[in-house]
Amino acid sequence: MNTTAADTDGDLDTTDALERVAERVLWLSTSIVHHANRIRPNVSGLKVGGHQASSASMVAIMTSLWFQQLQSGDRVSVKPHASPVLHSINYLLGELDEKYLTTLREFGGLQSYPSRSKDPDPVDYSTGSVGIGATAPIWGAMARRYVNTHLGAGGTGRQYSLVGDAELDEGAVWEAILDPGIAELGEVVWIVDMNRQSLDRVVPNIAARRLETMFAAAGWQVLTVNFGRLLQSLFTQPGGEALRRRIVTMENPEYQRLLRCDASEIRQRLPGDGPSAAEIAILLDTLDDATLTAAIRNLGGHDLTALAEAYRQIDDTRPTVVLAYTIKGYGLPTEGHPQNHSALLSNDEYASLAARLGMDVADPWRRFGAASAMGRLCVETAARLRRDPTPSAPMPDIPTDIGRTPKGTSTTQAALGRLLLDLTREAPDAAKRVVTVSPDVSSTTNLAGWVNKVGVWSSDERRNWFADDAQTLMHWNERPSGQHMELGIAETNLVGLIGELGATWSRWGEPLFPIGVLYDPFVERALEPWSFGIYAGGQSILVGTPSGVSLAAEGGAHQSIKTPSIGLEQPGCISYEPAFAIDVEWTLLASMARLGRPGGSSAYLRLSTRPVDQALAHVPEDPAARERRRRQVVAGGYPLRRSPASEVKVTIAAVGTMVTEALAAADRLDQVGIPADVLCVTSPGLLFEAWQARQGRRSADTWILDQLFPADRATPMVTVLDGHPHTLAFLAGIRQVPLTALGVSGFGQAGDLPDVYRYHGIDTDSIVRAALDITN
């Protein structure tokens with residue numbers, strides 16, 4: 001590596017060395033984006049992109065945090081558009097090979113936004129979905145506390161979020177901040193980049209005071225870093241208080257306009273036309289042009305000393321937010337421009353930046369000399385932040401079959417609660433790693449027995465004042481050993497938490513089996529953050545219950561339609577809609593076995609409150625036949641009724657509780673001389689994967705297709721489910737047969753179950769008519 005005199009200077013004090021490091025981070029982060037857009041060949045002609053201005057506003061904040069504040073146990077969520085800054089710091093610390101600096105947004109290279117699973121350097125939290133990455137450290141803090149109280153392996157450390165001020169517009173942010181369980185998480189620290197610009201404009205209103213009030217009302221410590229040392233010194237001079245008031249009350253666009261002015265224009269504009277204008281003008285006349293232009297840019301988020309002082313004031317007994325005032329594009333030619341969000345430096349501007357910082361455009365990736373103060377600072381910081389590899393705890397044995405056969409009439413929702421209780425008796429080692437989460441719906445989703453058994457998790461023991469009330473059937477015993485976590489009514493919080501609980505295996509080597517339970521209609525509300533959690537490496541089970549228009553009396557507002565399609569299409573997830581209680585047991589156990597491991601996957605179970613006669617399952621008594629049925633259930637479906645192969649005229653494929661109508665329809669069709677096969681589809685997604693694998697489009701087992709759709713039973717098909725009909729429409733392609741797809745494609749109605757099924761055309765009569773039409 002080439003070095004300059006500045007690189008080898010070993011006599012600089014810590015503050016000066018830190019300033020040099022910040023300059024190098026600015027240069028490297030700008031160069032990473034510049035190379036991707038201006039130098040690397042672009043064969044497609046499409047915009048590569050990157051965010052030089054958004055990175056620049058974070059340089060001092062992140063340099064101060066990494067090189068002065070962080071400890072090895074801390075974790076940091078970096079705002080999406082500052083990913084080049086993170087990579088630059090990792091490069092200086094020896095955590096990223098130089099070859100990657102030219103690969104931003106290139107296939108196999110540095111990701112567009114920080115990614116735990118895809119970036120080659122250390123990333124604590126994946127970000128990119130605005131608002132979701134910001135809240136992840138809150139749930140990470142809760143997950144670590146849970147691991148510590150149960151397994152003693154989570155260690156200690158703060159959980160930082162580096163957040164853009166425009167990101168605070170996201171509702172998910174405030175849903176998390178306002179959850180009552182957050183106020184005690186003193187390890188949570190947010191640092192807000194208050195650059196007062198969004199993607200398209202300068203934010204017109206002065207939002208900082210409102211934000212301070214909102215965070216404080218939620219119980220957070222609020223630290224504001226608004227001015228740097230130069231401005232603070234001017235405020236102590238005659239006219240300084242008037243200058244401070246003028247700047248504080250100035251609207252954002254007016255202040256931003258000053259950043260685009262030379263010194264003479266600043267002298268004209270800054271005093272304003274208020275009663276203190278003359279006083280301010282006199283103060284400005286005492287400053288030379290260079291000092292004046294530097295002063296107007298001297299905000300606290302760019303002052304390393306001011307930032308360090310704010311970090312020293314963090315109160316670890318409650319969450320903290322640091323509002324750090326910054327300038328978007330600080331130190332770049334695009335500084336403060338209202339449309340600089342995605343602006344790229346021209347080659348000439350890049351060369352000018354190199355000259356100002358003492359860098360060489362032909363050798364942009366220079367590290368500091370080992371003997372320099374900056375080089376020593378990098379080595380010391382790397383040693384302080386180095387983390388030892390985390391050993392993985394052995395996975396407990398998870399049974400595949402508890403061994404009971406449910407009798408009588410039951411619901412799949414009730415089967416969930418019973419299975420969790422069975423686990424505590426039959427597989428205690430696996431059960432102790434189960435943690436359930438719900439948004440204030442524990443009792444209505446049949447978790448009451450489980451909650452009574454294992455208790456509610458709390459970092460401290462709390463008295464249950466209803467323990468001696470004989471009429472209270474659900475006991476809310478809060479203690480560190482509890483295994484149920486209850487949040488307020490905010491589905492995004494629930495999936496954020498189970499995502500982080502599902503990442504403990506990779507963070508601290510301790511796998512958990514998180515199961516989040518919510519009303520199925522609200523899965524769509526929670527989908528985006530849950531999907532992003534899966535992308536980030538969290539492995540969890542989401543249970544939607546009750547589901548579909550089978551929740552008849554609740555009406556259209558609580559009847560889910562599209563959720564079967566969500567299960568079919570969600571990457572990194574296997575979905576099931578069990579028909580019987582035994583199917584719930586087998587699919588949930590199989591889903592648990594896929595959690596907490598490299599290459600694992602999440603799961604989505606869609607359950608129902610409709611009572612179903614369990615005898616209709618015809619569970620085989622022979623052990624080998626029972627195991628064959630279990631494997632079919634887990635693989636995606638099983639034959640529920642077979643007519644003689646030479647006589648069968650139609651196949652009815654049903655999902656979930658619709659097997660009742662399918663079997664009734666098959667009985668009636670048999671009476672009119674149209675023998676029917678009935679298939680119970682437990683996972684449309686797995687069947688689709690098997691079909692794609694048979695076409696050579698992916699890798700998956702395909703044996704289930706031959707057991708469900710053998711060639712000698714290639715008959716016309718009717719599919720039916722309590723959800724959108726296109727979920728099963730692909731089944732026709734497996735054997736190239738005619739198909740009629742029945743399901744729910746309109747908003748629901750309140751009413752009795754027969755009326756609602758009839759309205760949507762999924763009742764027994766509708767299935768019979770469809771079968772008659774397709775066979776004639």
Side-chain angles (χ1 to χ4, degrees), residues 61-62 64-66 69-79 114 116 123-127 130-149 154-165 167-168 170-194 211-225 307 310-324 437 457-460 485 487-488 490 492-501 503-504 507-508 529 533 536 538:
I61 291 172
M62 293 178 65
S64 176
L65 189 63
W66 259 260
Q69 185 67 29
L70 289 183
Q71 303 299 315
S72 62
D74 297 339
R75 298 292 190 274
V76 186
S77 171
V78 177
K79 81 169 189 176
R116 284 192 73 220
V123 175
D124 292 331
Y125 288 98
S126 297
T127 59
V130 176
I132 305 305
T135 60
I138 289 177
W139 315 122
M142 196 172 286
R144 172 147 59 182
R145 287 195 178 198
Y146 185 91
V147 169
N148 275 331
T149 55
T156 60
R158 287 178 178 161
Q159 300 279 335
Y160 290 89
S161 286
L162 306 182
V163 185
D165 54 350
E167 195 166 5
L168 297 180
E170 284 288 340
V173 167
W174 296 102
E175 287 185 354
I177 290 169
L178 295 174
D179 191 275
I182 303 309
E184 63 183 28
L185 298 179
E187 63 268 45
V188 170
V189 179
W190 283 25
I191 304 173
V192 181
D193 174 14
M194 292 287 294
L211 292 174
E212 291 173 357
T213 302
M214 293 169 69
F215 274 103
W220 289 49
Q221 178 192 24
V222 180
L223 301 173
T224 301
V225 189
L307 289 166
Y311 299 153
R312 281 192 289 270
Q313 296 178 49
I314 293 174
D315 175 7
D316 287 324
T317 66
R318 54 180 171 157
T320 296
V321 60
V322 179
L323 302 177
V437 184
W457 179 81
S458 173
S459 56
D460 299 307
M485 304 177 79
L487 299 175
T492 57
N493 288 350
L494 176 139
V495 296
L497 178 54
I498 64 173
E500 289 305 319
L501 290 167
T504 58
R507 293 195 193 280
W508 303 296

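The analysis underlying the following values was restricted to heavy atoms, covering all of them including side chains, and did not include hydrogens, waters or symmetry mates. Bear in mind that the values here come from a model prediction, so they are computed numbers and not experimental data.
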**Asked** Nearest 0.5 Å, what's the CG-OG1 distance between N148 and T156?
**Response** 8.0 Å
**Asked** Do the side chain of T127 and the main chain of V78 share a donor and acceptor less than 3.5 angstrom apart?
**Response** yes
**Fill in**
side-chain hydrogen bond (donor to acceptor under 3.5 Å, both in side chains) filter on S64, not counting sequence neighbours, yields Q68
**Request:** List in chain and number order the residues that pass side-chain hydrogen bond (donor to acceptor under 3.5 Å, both in side chains) with R158, two or more places apart in sequence or in another chain; answer none if no residue qualifies.
**Result:** Y160, D316
**Message:** I need the K79 NZ to I191 CD1 distance, nearest 0.5 Å.
**Reply:** 12.5 Å
**Request:** First locate atom CD1 of I177, then atom CD1 of I138, and finally report the distance between them rounded to the nearest 0.5 Å.
**Result:** 6.0 Å
**From CA spacing to verdict: side chain to side chain contact (heavy atoms under 4.5 Å, CB included), L494, L497** = CA-CA 5 Å; L494 176 139; L497 178 54; 6.0 Å; no
**Item:** Contact summary for A324 and I61, nearest pair of heavy atoms
**Value:** CB-CD1, 3.9 Å
**Residue list, ring-ring contact (aromatic ring centres under 6.0 Å, His included) with W66, at least two apart or on another chain** = none
**Request:** Name all pairs fulfilling the side chain to side chain donor-acceptor pair (under 3.5 Å) condition that reach into residues 172-188, sequence neighbours left out, sorted by first residue then second.
**Result:** R145-E187, E175-T492, E184-S459, E184-R462
**Request:** Applying side-chain hydrogen bond (donor to acceptor under 3.5 Å, both in side chains), name anything that partners S77, two or more places apart in sequence or on another chain.
**Result:** none
**Complete:** Between W139 and A176 the two heavy atoms that sit nearest each other are CZ2-CB, 3.7 Å
**Request:** Sequence neighbours left out, what passes salt bridge (charged side-chain N to carboxylate O under 4.0 Å, His left out) with R507? Give chain and number order.
**Result:** E500
**Request:** Could you go through the side chain to side chain contact (heavy atoms under 4.5 Å, CB included) check for V188 and I182 one step at a time?
**Result:** CA-CA 9 Å; V188 170; I182 303 309; 5.7 Å; no
**Prompt:** Atom CG in L185, atom OG1 in T317: separation rounded to 0.5 Å?
**Reply:** 11.5 Å
**Item:** Closest non-hydrogen atom pair, D74 against D124
**Value:** O-OD2, 4.1 Å
**Message:** Please check this pair: side chain of E167 against backbone of G131, looking for a donor-acceptor N/O pair closer than 3.5 Å.
**Reply:** yes
**Message:** Using side chain to side chain contact (heavy atoms under 4.5 Å, CB included), reason through E212 and V321 one step at a time and then give a plain yes or no.
**Reply:** CA-CA 9 Å; E212 291 173 357; V321 60; over 6 Å; no
**Complete:** Correct closest heavy-atom pair for M485 and Y146 would be SD-CD1, 3.9 Å
**Prompt:** Do side-chain atoms of Q159 reach the backbone of M142 as a donor and acceptor pair under 3.5 angstrom?
**Reply:** no
**Message:** Ignoring hydrogens, what is the shortest heavy-atom contact between G154 and R144? Give both atom names and the distance.
**Reply:** O-CD, 2.8 Å
**Message:** For W190 and F215, take the angle between the two ring planes, folded into 0 to 90°, and tell me which bin it lands in: parallel under 30, tilted 30 to 60, perpendicular over 60.
**Reply:** perpendicular
**Request:** Can you see which heavy atom on V222 is nearest to which on A216, and at what distance?
**Result:** CG2-N, 3.8 Å
